[in-house]
**Q** 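Attaching a single structure in structure tokens format; questions to follow.
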Protein chains: 2
Amino acid sequence: MASTYENILETSYRLFAEHGFEKTSMAMIAKALNISKPALYYHFESKDAIIDTLFEELCRSIAFSRFFKLQDYTRTNFAEKLTSDGLHLIGSQQEDARYSQIMKQYQALGYRNAKYAERLLEILEGFTAGFAELLQHGAALGAIPDDDVLVRAQMLNMILDSIDNYINYGFKYDYNAIWIKAVADIVKGVDHA
Amino acid sequence: MASTYENILETSYRLFAEHGFEKTSMAMIAKALNISKPALYYHFESKDAIIDTLFEELCRSIAFSRFFKLQDYTRTNFAEKLTSDGLHLIGSQQEDARYSQIMKQYQALGYRNAKYAERLLEILEGFTAGFAELLQHGAALGAIPDDDVLVRAQMLNMILDSIDNYINYGFKYDYNAIWIKAVADIVKGVDHA
DNA sequence: GTCTATATCGGGATAGAC
DNA sequence: GTCTATCCCGATATAGAC
């Protein structure tokens with residue numbers, strides 16, 4: 001049996017994804033949980049506190065190193081591994097529609113509260129840095145060209161981020177083909193014997 | 001002297017970009033214009049009506065064909081023209097910070113009102129279709145390879161969309177280099193004598 | 001077309017009992 | 001930890017005069 005605290009977070013997450021932060025009132029959350037508003041306020045001092053807590057949880061769950069493990073990449077499997085790790089990430093986001101919907105709202109919150117914008121930028125920068133490190137590693141292995149590593153990393157990051165967004169928009173692009181081609185363009189220029 | 005109607009739209013646009021739709025009250029808009037709230041309601045029946053009108057204006061101003069003109073592309077200038085047209089679009093968005101901030105809010109609105117989401121998808125799809133047509137044209141000219149035209153078009157669209165987003169985030173990527181490399185990857189595989 | 005004044009509603013948040 | 005009842009505020013929106 002989950003604690004009330006956890007139930008609140010879980011239900012809030014669902015309602016926020018469905019209706020947005022602004023249109024989800026404390027009354028709605030309470031009703032969905034079959035508890036009263038003051039009971040909510042016992043666990044969280046404000047609606048913003050719920051939003052904040054969810055945000056911190058989400059941020060912790062996103063990290064480049066959770067999806068791309070540098071030590072597994074070798075000269076011969078580099079392109080193949082980069083492809084499959086990316087496809088795995090794409091697949092996991094295609095399954096969880098709520099994730100992108102919530103994240104987009106935190107982006108919007110960034111206007112009024114710099115904290116959100118900064119934290120999200122950190123995550124994106126983390127991915128760019130992760131790709132840069134990975135490509136550097138690949139270049140050192142001789143698996144990919146060693147020029148323009150940063151620009152290549154930024155492109156991979158953008159493509160992956162876009163794929164995430166477009167999935168959320170409901171586009172029926174062939175994301176796997178796009179990612180495969182993106183990786184192919186990155187590794188292009190090196191022969192593999 | 002601009003009409004009150006136009007002044008309302010202009011001022012609303014500015015305030016919405018600065019504070020967001022929800023935190024911009026009708027009272028704020030009225031005050032900024034030195035008119036009263038009821039005067040606002042004379043011109044627009046609701047706050048949503050202002051938001052809607054701005055949205056329609058914005059949508060009309062965005063069209064693939066405004067930036068990329070098919071008839072100007074030839075076999076020899078194809079890559080060069082695709083690059084410069086894209087850079088031009090990127091440059092114009094770097095100058096207008098408000099544009100992306102407003103657009104992101106309309107994206108967020110899409111949750112509760114499908115109309116916004118659908119219209120924005122139409123625009124994005126218009127760009128993808130535009131790139132597809134352009135690349136098809138380029139392939140017919142012999143300027144670029146003729147395989148995977150759709151995937152290539154989707155990638156260009158994603159990169160351009162991402163660049164727009166990242167500019168808004170405040171990232172200091174080298175966007176010109178990214179776009180140039182994206183175009184180079186697209187045209188790769190064809191010799192130009 | 002614009003004003004003053006006001007109605008009305010829904011939201012977040014709290015007091016105090018159990 | 002949870003409840004009932006209530007406060008308070010700010011928002012949209014309107015009535016009716018000028």
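Naming convention: chains lettered A, B, ... in sequence-line order (proteins, then strands); numbering from 1 in each chain. Because the structure is a prediction, the values reported are computed rather than measured. All values below were derived from every heavy atom in this structure, side-chain atoms included, with hydrogens, water molecules and symmetry-related copies excluded.
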**Q** If the plane angle is over 60° it's perpendicular, under 30° parallel, otherwise tilted; pick one for A/Y5 and A/F44.
**A** parallel
**Q** Under 4.0 Å between a side-chain nitrogen and a carboxylate oxygen: does that hold for B/D52 and B/K115?
**A** yes
**Q** What integer distance in Å separates A/E22:CD from C/dG12:P?
**A**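 Value for this atom pair: 9 Å.
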**Q** Can you identify which nucleotide, out of C/dT4, D/dT12, C/dA13, has its nearest atom closest to the A/S46 side chain?
**A** C/dA13
**Q** Nearest heavy atom decides the nucleotide; on that basis, is A/M28 or A/E45 closer to the 5' end of DNA chain C?
**A** A/M28
**Q** What nucleic acid atoms does B/S36 come within less than 4.0 Å of, heavy atoms only: base, sugar-phosphate, or nothing?
**A** base
**Q** OP1 or OP2 of C/dG1 versus the side-chain N and O atoms of B/Y42: is any pair under 4.0 Å?
**A** yes
**Q** What is the distance, rounded to the nearest whole Å, between atom NE2 of A/H43 and atom P of C/dG12?
**A** 18 Å
**Q** Output the rounded distance in Å from CG (A/D48) to P (C/dG11).
**A** 16 Å
**Q** Measure from the side-chain heavy atoms of A/Y41 and tell me the nearest of D/dT12, C/dC3, C/dG12.
**A** C/dG12
**Q** Do A/K47 and C/dG11 have a side chain to base donor-acceptor pair shorter than 3.5 Å?
**A**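 Not at all, since no donor on one side and acceptor on the other fall under 3.5 Å apart.
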**Q** Taking the side chain as C-beta and beyond, is there a heavy-atom pair between B/F64 and B/L70 under 4.5 Å?
**A**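 SC-SC contact between B/F64 and B/L70 ruled out.
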**Q** Which nucleotide, D/dT12, C/dT4, C/dG12, lies nearest any side-chain atom of B/P38?
**A**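 Of D/dT12, C/dT4, C/dG12, C/dT4 is nearest to the side chain of B/P38.
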**Q** Is A/T4 close enough to D/dT2 that one of its side-chain N or O atoms is under 4.0 Å from OP1 or OP2 there?
**A**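 A/T4 to D/dT2 OP1/OP2: side-chain N or O found under 4.0 Å.
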**Q** Run the salt-bridge test on B/R119 and B/E122 with the 4.0 Å N-O cut-off and return the result as yes or no.
**A** yes
**Q** Nearest-Å distance, OH (B/Y5) to P (C/dG1)?
**A**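 Atom-to-atom, B/Y5 to C/dG1, this comes out as 12 Å.
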**Q** Going by the angle between their ring planes, with limits at 30° and 60°, are B/F68 and B/W179 parallel, tilted or perpendicular?
**A** tilted
**Q** Between A/K23 (NZ) and C/dG10 (C1'), how many Å, whole number?
**A**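 Those two atoms, NZ and C1', are 10 Å apart.
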**Q** Between C/dG11 atom P and A/I50 atom CD1, what is the distance in whole Å?
**A** 15 Å
**Q** Which whole-number value in Å describes the distance from A/K31 NZ to D/dT2 P?
**A**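 To the nearest whole Å, that distance equals 19 Å.
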**Q** Please state how far atom CD1 in A/I8 lies from atom P in D/dG1, giving the value in whole angstrom units.
**A**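 After rounding, the gap between these two atoms is 10 Å.
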